[in-house]
Amino acid sequence: MTVSVIDAALAPELATTVQASTGTSEASSSLTQADASSSSLSDAVSETTRETAVEKPNLLGMTRKQLEVYFESIGEKKFRAAQVTKWIHQLGVTEFDQMTNLAGSLREKLKRLAYIAAPEVVHREYSNDGTRKWVFRVGEGAGSLVETVLIPAEGRKTLCISSQVGCALDCSFCSTGKQGFERDLLPAEIIGQLWVANQSYMEDVPVGDRTRTVTNVVMMGMGEPLLNFGPVVASMQLMLDDHAYGMSKRRVTLSTSGIVPMIDKLGDEIDVALAISLHAPNDELRNELVPINKKYPLVELMAAARRYVERGAPVSDKTAQSKAAQKNANKAVQSKALQDDILLDDDPLEPSRKKHVTIEYVMLDGVNDQPKHAKQLIQLLGDLPSKINLIPFNPFPHAPYERSARTRIEGFQKALADAGFVCTVRQTRGDDIDAACGQLVGQVADRTRRAEKWKQKVVAQKAVDAETNQNTAHSVRGQRSEILRTRG
Ligand code: SAH
Ligand code: SF4
């Protein structure tokens, strides 16, 4: 049974949606009541948000560098930035009064000038299998909701983060796209999702014990992260910063539908893992499934992916690189073979540190899942260092597609594996868990009435199809009776 922790006054439309979805989704029934002990978290967060309506900077969304500039701008020393970053992101502190290594006068000053607040949690579900889900309200409008899901797997906890409210790109198989675009998330609203997820473990995890907190982040929630570049990069810088979350750069993945110039820009700014939502092996089909392909066709996208993999780390990352080199230098044997091993396997929690692009490919029955598509995909990828992740389509109401059959997906996977590719199939543990990535807050809101228009289009098309079928049936029946008459 699902018991949802929803503030119906704040999110009445969501309360209805969740109720509706509990009736249809297998996995929602596996999601059980949020433990009562942690309900104080959302209350605390909402309180903090309400108190901060005045125009002050929210320090939660600032990188350490930005905080340094901020501290200097208010006449304080730069090193305060590192202290405050630790308080906020490692210790989960949002009250300046609790920052005991800051002088009393500085705490008072900060209380006057700034605030720290995560986005407001209006709903959350914690399941027995470890999956956790949060819905955040990030504005006043009915559709100002975004969702974050934490998916546990062997040895890791992956958090799927949203970057925009809705999405403008309108991929034909994506319910976020059907909701239209409302706005970009602010840095504090992006990193705030990780902050809240980590906070939810703080009560039962000793300080400094990272084993039970988030280990991996994928920017695969709502929105196109490369179209909200600055805030997304700032948030990822905090994820990598040792004074904040200290995550390995291979454990932070940005997924994009293919905004080519921004892929290059990403490489200039930060070194994180890249996933490309490919979904089709030729331009004709991709234009239909991922319309941004008309602007940035496959040849350009593949070239950008290759440039991203082949380039060195950005200048800002060189310090981290030299630290890693130093670590390796300390190892006794320095043979090339061993170095390769280290790159591939030195951390059992990390699948591979060797740089590659992850290719996401949603499996749509009869659309992109035929043997010819596998062949085209093999050709398209060529020798690009890549891993393919086949995603069984996650259906949503009025979706014009169906999920490919398991045997079809396995056949596709085998074709790629036979050609030498590493190809995995995303595990589905129930539809709404799978929805964690790519299909968040599927039915919560219709921002531009695009979904409604689209639904009308689908219904109209079905009516046309039905009529055509009827006409065909009539004419077949007519032919048949004609034949019978002739025979008779
Ligand atoms: N906008 C970015 C990131 C968010 S979508 C992007 O497109 O990459 C994250 C992933 O989920 C993408 O690969 C997306 O194509 C996929 N996705 C979207 N809708 C889906 C659905 N209904 N079923 C399965 N995967 C879906
Ligand atoms: Fe936007 Fe990604 Fe959905 Fe396409 S798949 S509509 S880019 S969120």
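Order of appearance sets the numbers: ligands from 1, and atoms from 1 within every ligand. The figures here come from the full heavy-atom set of this structure, side chains too, leaving out hydrogens, waters and symmetry mates.
Residue Gly223 places a heavy atom under 4.0 Å from ligand 1. In this structure, Gly221 is part of the shell of residues with a heavy atom less than 4.0 angstrom from ligand 1.
In the vicinity of Val362, heavy-atom distances shorter than 4.0 Å reach the ligand 1 atoms 23 (N), 24 (C), 25 (N). Residue contact check: Gly177 has heavy atoms under 4.0 Å from atoms 6 (S) of ligand 2. Close approach of ligand 1 to Thr256 (heavy-atom distance below 4.0 Å) involves ligand atoms 6 (C), 8 (O). Close approach of ligand 2 to Leu169 is summarised as follows: ligand atoms under 4.0 Å from at least one heavy atom of the residue are 7 (S). The distance from ligand 2 to the heavy atoms of Asp170 drops below 4.0 Å at these ligand atoms: 6 (S). Close approach of ligand 2 to Ser257 is summarised as follows: ligand atoms under 4.0 Å from at least one heavy atom of the residue are 7 (S). Ligand 1 places these atoms under 4.0 Å from at least one heavy atom of Cys174: 18 (C), 19 (N).
The proximity of Ile391 to ligand 1, defined as any non-hydrogen pair under 4.0 Å, is limited to the side chain. Of all the heavy atoms of Val290, none lies under 4.0 Å from any atom of ligand 2, so neither backbone nor side chain is involved. No part of Leu169 comes within 4.0 Å of ligand 1, judged by heavy-atom distances.
Side-chain contact annotation: Glu288 with Ser172, donor-acceptor N/O pair under 3.5 Å absent. When only modelled atom types and interatomic distance are considered, Tyr245 and Thr213 share no side-chain donor-acceptor pair under 3.5 Å.
Checking each of Ile263, Leu227, Leu266 against Thr256 for a side chain to side chain contact (heavy atoms under 4.5 Å, CB included) leaves exactly one that passes, namely Ile263.
Geometrically, Arg403 does not engage Phe393 in a cation-pi contact defined by less than 6.0 Å to the ring centre and at most 45° from the axis.
Annotation: Gln379, atom CD; neighbour count of heavy atoms from other residues, nucleotides and ligands within 6.0 Å does not exceed 12. Open room surrounds CD on Glu402; 12 or fewer heavy atoms of other groups in view lie less than 6.0 Å from it.
The structure places CD1 of Ile88 at 13.5 Å from NZ of Lys86, a figure rounded to the nearest 0.5 Å.
Nearest to atom 15 (O) of ligand 1 by heavy atom, out of His279, Gln164, Glu360, Met220, is His279. Residue nearest to atom 26 (C) of ligand 1, selected from Phe393, Phe173, Tyr401: Phe173 (by heavy-atom distance).
Backbone or side-chain N, O or S atoms of Cys174 do not reach atom 1 (Fe) of ligand 2 at under 2.8 Å.
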Might you work through the side chain to side chain contact (heavy atoms under 4.5 Å, CB included) test for Phe229 and Ile259, ending with a clear yes or no?
-> CA-CA 11 Å; Phe229 192 81; Ile259 317 293; over 6 Å; no

Can you give the donor-acceptor pairs under 3.5 Å from side chains of residues 293-300 to other protein atoms, not counting sequence neighbours?
from, atom 1, to, atom 2, distance (Å)
Asn293, OD1, Arg286, NH1, 2.9
Asn293, ND2, Asp283, OD1, 2.9
Asn293, ND2, Asn287, OD1, 2.8

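Proximity of a side-chain donor or acceptor of Asp365 to a complementary backbone N or O of Ala405 within less than 3.5 Å is not detected.
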